[in-house]
Number of protein chains: 2
Amino acid sequence: MAQGHSDNLLFLTDEQLRRAIEAMFFAYRGFTADPDRILAEMNYGRAHHRAIHFIHRSPGTTVNNLLAILGVTKQSLNRVLRTLVEDGLVDSRVGQRDRRERHLYLTERGDALERELSDAQRARMRAAFREAGPTAVAGFREVLEHMMDPELRRHFAVAKEGDR
Amino acid sequence: MAQGHSDNLLFLTDEQLRRAIEAMFFAYRGFTADPDRILAEMNYGRAHHRAIHFIHRSPGTTVNNLLAILGVTKQSLNRVLRTLVEDGLVDSRVGQRDRRERHLYLTERGDALERELSDAQRARMRAAFREAGPTAVAGFREVLEHMMDPELRRHFAVAKEGDR
DNA sequence: CTTGGAATGTCAACAAGACTGACGTAGTTT
DNA sequence: AAACTACGTCAGTCTTGTTGACATTCCAAG
């Protein structure tokens with residue numbers, strides 16, 4: 001709506017956008033660097049982190065739910081889940097209502113790893129937020145939401161309302 | 001829960017940070033989705049995109065420079081570069097001053113692909129920026145910069161000064 | 001000048017983690 | 001009873017990261 005501002009014309013130049021694209025690339029690397037270091041020590045990868053994160057967020061979620069959120073194939077997810085269950089970090093329980101489903105929970109050890117990983121990730125995020133200030137943070141989140149695929153964004157908006 | 005308080009204690013809760021972490025994850029997926037589709041059609045991957053992007057940004061850059069920016073091993077980068085050179089998208093010229101170095105340039109076809117990829121990526125970025133507004137964009141970039149590793153951030157700051 | 005070391009880049013082999021396709025099994029729905 | 005759904009698995013491929021070994025080139029110390 002605020003069209004016509006000379007600001008607006010400048011601020012959408014390809015050059016500015018190119019810089020933003022690079023910033024996104026570099027920032028994402030920073031974003032994953034700390035958890036990656038922890039995971040590498042125990043022969044896990046980012047895929048394990050993602051599974052652990054979303055099981056933590058939604059305990060009792062099913063394999064199919066996780067599949068939809070992570071956007072990978074079941075074969076790919078299964079490989080990761082199998083190792084996590086074998087290593088005693090995730091508990092997979094047959095559904096009561098529908099016994100075809102497997103409901104996933106973190107064990108105590110799974111929860112401990114989740115905390116270790118997200119503490120590291122949050123520490124960096126918190127530092128960046130503090131340095132940038134509240135206004136910048138609001139803008140940051142606003143732009144991120146608009147960058148998601150629309151479907152995921154709805155998913156995300158629901159999650160924001162609180163955890164059910 | 002009461003929204004609207006931008007006071008520093010509330011705004012740094014672990015719950016808020018967790019949401020920001022997920023937003024970052026989902027947004028990055030959106031960020032790469034469009035180029036990924038184009039690349040998949042021609043049997044390339046994200047690694048090819050990154051190489052093309054940074055060669056475009058700094059024509060004549062050496063393999064070592066690229067290595068430092070991309071943060072991968074030279075062997076990994078080399079595989080990508082080899083296919084790009086074979087396919088006639090990148091030109092690799094032996095250095096004049098130091099003949100150990102290879103200076104990298106995009107060919108016309110390489111430039112065409114670069115434009116196709118970055119057009120797609122910029123389109124989404126531009127849309128997100130427009131919807132979020134200038135203030136949000138400023139905050140977005142501010143936070144991103146603080147999220148990078150310090151060394152990369154300096155690198156980035158230099159690039160911002162203009163492409164001398 | 002020669003020689004040894006450092007810098008640069010290439011080749012080979014391997015692993016993680018994504019993918020597709022096919023199939024099996026149990027449970028649910030029609 | 002038949003069809004569909006949820007999950008798991010086997011087999012094979014691809015991208016992209018890793019190490020290790022090696023060739024070439026440059027430079028500096030003896």
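Chain naming here is simple, since letters A, B, ... match the order of the sequence lines and numbering starts at 1 in each.
Within 4.0 Å (heavy atoms only), B/Gly95 reaches no atom of the nucleic acid at all.
Close to C/dA18, at under 4.0 Å from its OP1 or OP2, lies no side-chain N or O of A/Thr73. The phosphate of D/dT16 has neither OP1 nor OP2 within less than 4.0 Å of any side-chain N or O from B/Ser76. Taking only side-chain nitrogens and oxygens, A/His48 never comes nearer than 4.0 Å to OP1 or OP2 of C/dA16. Applying the 4.0 Å criterion to OP1 and OP2 of D/dT25, one finds that B/Arg99 has a side-chain N or O inside that range. For the pair B/Arg97 and D/dT25, the criterion of a side-chain N or O lying under 4.0 Å from OP1 or OP2 is not met. Note on B/Arg82: every side-chain N or O is 4.0 Å or more away from OP1 and OP2 of C/dA12. Residue A/Asn64 places at least one side-chain N or O under 4.0 Å from the OP1 or OP2 atom of D/dC7.
Each of B/Leu81 and A/Val80 has a nearest nucleotide on DNA chain C; the 5'-most of these lies closest to B/Leu81. Nearest-nucleotide assignment on DNA chain C puts the 5′-proximal partner with A/Ala47, out of A/Ala47 and A/Gln96.
The separation between B/Glu86 atom CD and C/dC11 atom C1' is 13 Å, rounded to whole Å. In this structure, CG of A/Leu66 is placed 10 Å from P of D/dC7, rounded to the nearest angstrom. Rounding to whole angstrom units, NE2 of residue A/His103 and C1' of C/dG27 are separated by 13 Å. Atom pair A/Lys74:NZ and C/dT25:C1' shows a separation of 11 Å (rounding to whole Å applied). Distance, A/Arg100 CZ to C/dT29 P: 6 Å, rounded to whole Å. Here C/dA7 presents its C1' atom at 16 Å from CG of B/Leu77, a figure rounded to the nearest Å. Rounded to an integer number of Å, the gap from CG of B/Asn43 to C1' of D/dT13 is 11 Å. The CG-C1' distance, from B/Asp36 to C/dC19, rounds to 13 Å in whole Å.
Nearest nucleotide to the side chain of B/Arg50, out of D/dT24, D/dT16, C/dC23: D/dT16. Nearest nucleotide to the side chain of B/Glu101, out of D/dG8, C/dT8, C/dG17: C/dT8. You'll find that the side chain of A/Asp98 is closest to C/dT28, out of C/dT28, D/dT24, D/dG8. When each of D/dC7, D/dG17, C/dA18 is scored by its nearest atom to the side-chain atoms of A/Val63, the top-ranked nucleotide is D/dC7. Closest to the side chain of A/Arg102, out of D/dC7, D/dT16, C/dA18, is D/dC7.
With rounding to the nearest 0.5 angstrom, the CD atom of B/Gln121 is 12.0 Å from the CZ atom of B/Arg126.
Put simply, the side chain of B/Arg79 and the base of D/dG17 share a donor and an acceptor less than 3.5 Å apart. The base of D/dG20 sits within donor-acceptor range of the side chain of B/Gln75, with an N or O pair under 3.5 Å.
By the neighbour-count criterion of 12 heavy atoms within 6.0 Å, atom CD of B/Gln96 is sparsely surrounded, having that number or fewer from other residues, nucleotides or ligands. For B/Glu86, the CD atom counts as densely surrounded, since its 6.0 Å shell holds more than 12 non-hydrogen atoms of other residues, nucleotides or ligands.
Neither side chain, B/Ser118 nor B/His53, offers a donor N or O lying under 3.5 Å from an acceptor on the other.
Because its NZ or CZ atom is not both nearer than 6.0 Å to the ring centre of A/Phe26 and within 45° of the ring axis, B/Arg153 does not count as a cation-pi partner of that residue.
Between the side chain of A/Ser58 and the main chain of A/Thr61, no donor-acceptor pair closer than 3.5 Å is present.
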